[in-house]
Trainee: 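Mind looking over this structure? Questions follow.
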Amino acid sequence: ARVASLEETLDAVNAENAALIDDAWPEQLRRSIAENHRITEHAYTVSGGRTFGYLLYEPCGLDADEPHPLVVYLHGTGSWGNRLEYIYSENSLPELLRDGVLTPNAWVLMPQCPWGGAWQDMPGDVMELIEHVVGETGADHARISITGFSLGGIGTFYMLVNYPEYFSAAAPFAGAYSNTSDCAVITSTPVRMFHGSYDNSVGMSVTMIHNTIRQAGGQSELVLFSGDDHAVQRHYADDNGAIVEWLIAHGVKTIFHPCVFYEHQETAGAQNHYNCPIVVSYSENLKNIFYEIYLLHKLHISMLFPLILR
């Protein structure tokens with residue numbers, strides 16, 4: 001007898017899981033998902049050929065003139081596949097958004113990892129998807145945060161290591177990282193880790209990651225849920241979604257650039273002064289550059305140009 005290929009086996013499992021979901025979900029719940037216009041289904045193929053299906057949550061107070069933050073959520077192994085409804089299978093952040101329990105004023109990107117894949121093996125593809133979504137939504141580039149559960153928590157750490165200055169904040173749930181010394185590069189992004197004190201699924205490398213980040217000068221907080229095992233994703237709902245609000249609150253909001261564009265001559269015969277043509281033009285160049293940034297990202301720019309007249 002012919003042995004089924006791995007692809008055929010995964011397709012069979014996929015179909016079986018789909019049937020189980022179709023049987024288990026009441027019609028009322030299925031209808032509520034269809035009517036939730038804040039979450040839409042999409043697909044995007046990155047330059048390497050991988051196609052991601054993804055869910056996109058629209059901010060509750062969408063304003064075309066105001067760029068909103070973007071939260072990236074990476075799911076665990078329970079949501080693998082090629083049917084986006086699987087993302088609603090881990091009692092995690094996507095369900096809270098779908099059911100209206102949480103209504104953050106931010107875009108939330110929820111991509112689906114292919115069967116048997118791992119986020120840590122595709123950081124470049126995930127980043128390309130994020131950039132695509134930013135371009136499509138006009139999300140605020142200065143306020144892009146990332147979170148994830150289990151496989152997604154691991155993926156969160158890998159994204160931070162590969163892009164240490166990209167994300168405004170991060171909150172891995174039940175995450176891990178094999179070579180914890182790599183996490184010393186995570187010094188620009190505030191990180192809050194959430195982990196069960198009895199997590200035997202991915203272990204407790206988060207304690208070493210936490211210490212590594214702090215010793216490198218980064219901002220890290222480790223929250224251990226006493227008595228919890230691996231399933232800590234339900235804590236996304238704690239305190240009315242405080243962790244999600246913490247994520248979207250972080251980002252570069254102000255650029256402050258003090259400069260002196262005129263100074264008196266202190267040394268007779270010296271040719272190098274603050275009022276040389278290059279320095280005098282700084283303010284004009286900055287104004288032109290920052291105006292473009294403001295149009296794109298609505299950053300609030302404060303500049304101080306003291307005028308010294310002698």
Side-chain angles (χ1 to χ4, degrees), residues 13-14 16-18 20-21 23-26 29 33 39 54-55 57 71-81 83-102 104 108-121 126 145-160 169-178 180 183 191-210 220-247:
V13 172
N14 195 4
E16 181 178 351
N17 286 343
L20 289 173
I21 288 177
D23 291 340
W25 285 12
L29 177 57
I33 294 171
I39 299 180
Y54 64 93
L55 299 175
Y57 172 87
V71 178
V72 180
Y73 171 80
L74 303 180
H75 64 70
T77 56
S79 296
W80 272 338
R83 292 184 54 157
L84 289 173
E85 59 261 41
Y86 292 167
I87 295 178
Y88 300 122
S89 64
E90 294 184 325
N91 189 30
S92 190
L93 180 59
E95 290 93 320
L96 297 172
L97 298 174
R98 177 200 65 194
D99 299 338
V101 177
L102 300 182
V108 183
L109 167 62
M110 299 168 276
Q112 186 171 41
C113 187
W115 274 106
W119 298 118
Q120 59 264 36
D121 296 332
V126 174
S145 57
I146 187 167
T147 184
F149 163 63
S150 189
L151 179 71
I154 296 172
T156 297
F157 283 123
Y158 274 81
M159 293 300 293
L160 291 173
F173 280 66
Y177 195 91
S178 53
T180 57
C183 297
V191 182
R192 295 184 70 185
M193 310 173 201
F194 297 88
H195 215 81
S197 62
Y198 291 102
D199 190 336
N200 295 320
S201 297
V202 298
M204 299 298 293
S205 64
V206 288
T207 57
M208 296 181 64
I209 297 171
H210 168 67
S220 176
E221 178 184 355
L222 175 58
V223 178
L224 289 176
F225 297 109
S226 179
D228 277 12
D229 52 17
H230 187 61
V232 295
Q233 71 276 28
R234 67 184 184 280
H235 292 289
Y236 274 109
D238 289 359
D239 299 323
N240 297 315
I243 183 57
V244 178
E245 294 302 318
W246 178 84
L247 285 169

Trainee: Quick check: do L97 and P104 have side-chain heavy atoms less than 4.5 Å from each other?
Mentor: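 Yes, close enough: below the 4.5 Å cut-off.
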Trainee: Heavy atoms only: give me the nearest M193-S220 pair and the separation to one decimal.
Mentor: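 Scanning both residues completely, I find the closest heavy atoms to be CE-OG, 3.2 Å.
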Trainee: Check side-chain hydrogen bond (donor to acceptor under 3.5 Å, both in side chains) between S92 and all other residues, then give those that pass, not counting sequence neighbours.
Mentor: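 Testing S92 for side-chain hydrogen bond (donor to acceptor under 3.5 Å, both in side chains), a comparison that skips the adjacent residues, returns Y73.
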Trainee: Could you walk me through whether Y158 and S178 satisfy the side chain to side chain contact (heavy atoms under 4.5 Å, CB included) test, starting with their C-alpha distance in whole Å, then the side-chain angles of each, then the deciding distance to 0.1 Å, before giving a yes or no?
Mentor: CA-CA 10 Å; Y158 274 81; S178 53; 3.4 Å; yes
Trainee: With sequence neighbours left out, write down each residue that passes side-chain contact (heavy atoms from CB on, under 4.5 Å) with A176, or none if nothing qualifies.
Mentor: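 So A176 forms a side-chain contact (heavy atoms from CB on, under 4.5 Å) with I154, V202, S205.
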Trainee: Taking ring-ring contact (aromatic ring centres under 6.0 Å, His included) as the definition, give me every residue that meets it alongside F173, ordered by chain and number, with sequence neighbours left out.
Mentor: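 Result, ring-ring contact (aromatic ring centres under 6.0 Å, His included) vs F173: F194, Y236.
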Trainee: Can you see which heavy atom on A170 is nearest to which on L160, and at what distance?
Mentor: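 For A170 versus L160, the nearest heavy atoms are CB-CD1, 3.6 Å.
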Trainee: Among all residues two or more places apart in sequence or in another chain, which pass the ring-ring contact (aromatic ring centres under 6.0 Å, His included) test with F157?
Mentor: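 If we apply the ring-ring contact (aromatic ring centres under 6.0 Å, His included) test to F157, skipping adjacent residues, there are no hits.
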Trainee: Just to verify, what does A118 make a side-chain contact (heavy atoms from CB on, under 4.5 Å) with, not counting sequence neighbours?
Mentor: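 If we apply the side-chain contact (heavy atoms from CB on, under 4.5 Å) test to A118, skipping adjacent residues, the hits are Q120, D121, L151.
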Trainee: If you define the side chain from C-beta out and look only at heavy atoms, does anything of D228 sit under 4.5 Å from R234?
Mentor: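 D228 reaches R234 side chain to side chain.
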Trainee: Of all the heavy-atom pairs spanning C113 and G117, show the shortest one and how long it is.
Mentor: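 Heavy atoms of C113 and G117 come nearest at SG-C, 3.5 Å.
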Trainee: Under the 3.5 angstrom rule, does the side chain of S197 hit a backbone N or O of G227 as a donor-acceptor pair?
Mentor: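 Yes, S197 side chain to G227 backbone: donor-acceptor pair under 3.5 Å.
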Trainee: Do P172 and V191 touch side chain to side chain, with heavy atoms closer than 4.5 Å?
Mentor: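 The answer is yes; the side chains approach within 4.5 Å.
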Trainee: Of the non-hydrogen atoms in L74 and P111, which two are nearest, and what is the gap between them?
Mentor: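 What the structure gives for the nearest pair is CD2-CG, 3.9 Å.
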Trainee: Judged by atom type as modelled, is there a donor-acceptor pair below 3.5 Å linking the side chain of E90 to the main-chain atoms of G76?
Mentor: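 Yes: the side chain of E90 pairs with the backbone of G76.
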Trainee: Counting only heavy atoms from other residues, nucleotides and ligands, does the tally under 6.0 Å from CE of M208 exceed 12?
Mentor: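 Counting other residues, nucleotides and ligands, CE of M208 stays at 12 neighbours or fewer.
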Trainee: So, do V244 and T147 sit near enough that their side-chain heavy atoms are less than 4.5 Å apart?
Mentor: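 The answer is no; the side chains never approach within 4.5 Å.
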Trainee: What's the spacing between H230 NE2 and S150 OG if we round to 0.5 Å?
Mentor: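 Rounded to the nearest 0.5 Å, the NE2-OG separation comes to 2.5 Å.
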Trainee: Roughly how far apart are I39 CD1 and L55 CG, rounded to 0.5 Å?
Mentor: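 Rounded to the nearest 0.5 Å, the CD1-CG separation comes to 6.5 Å.
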Trainee: Check G175 against H195 and note the closest heavy-atom contact, atom names and distance.
Mentor: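 Looking at all heavy atoms of both residues, the shortest contact is O-CE1, 3.2 Å.
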Trainee: Roughly how far, to the nearest 0.5 Å, is the CG atom of L102 from the CG atom of N240?
Mentor: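 With rounding to 0.5 Å, CG (N240) is 8.0 Å from CG (L102).
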Trainee: If you look at every heavy atom in I87 and Q112, which pair is closest and at what distance?
Mentor: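 Here I87 and Q112 meet closest at CD1-CB, 4.0 Å.
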Trainee: For D238, what residues pass the side-chain contact (heavy atoms from CB on, under 4.5 Å) criterion, not counting sequence neighbours?
Mentor: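 If we apply the side-chain contact (heavy atoms from CB on, under 4.5 Å) test to D238, skipping adjacent residues, the hits are F225, H235.
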Trainee: Is there a donor-acceptor pair closer than 3.5 Å between any side-chain N or O of S145 and the backbone N or O of A169?
Mentor: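 Flag not set: sc S145 to bb A169 has no pair under 3.5 Å.
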Trainee: Under 4.5 Å between any side-chain heavy atoms of M204 and L224, yes or no?
Mentor: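 Yes. Closest side-chain heavy atoms under 4.5 Å.
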Trainee: Apply the ring pair (Phe, Tyr, Trp, His ring centres under 6.0 Å) test between H75 and each candidate in W119, Y88, Y86, Y54; give the one that qualifies.
Mentor: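 That would be W119; it is the only one of W119, Y88, Y86, Y54 passing the ring pair (Phe, Tyr, Trp, His ring centres under 6.0 Å) with H75.
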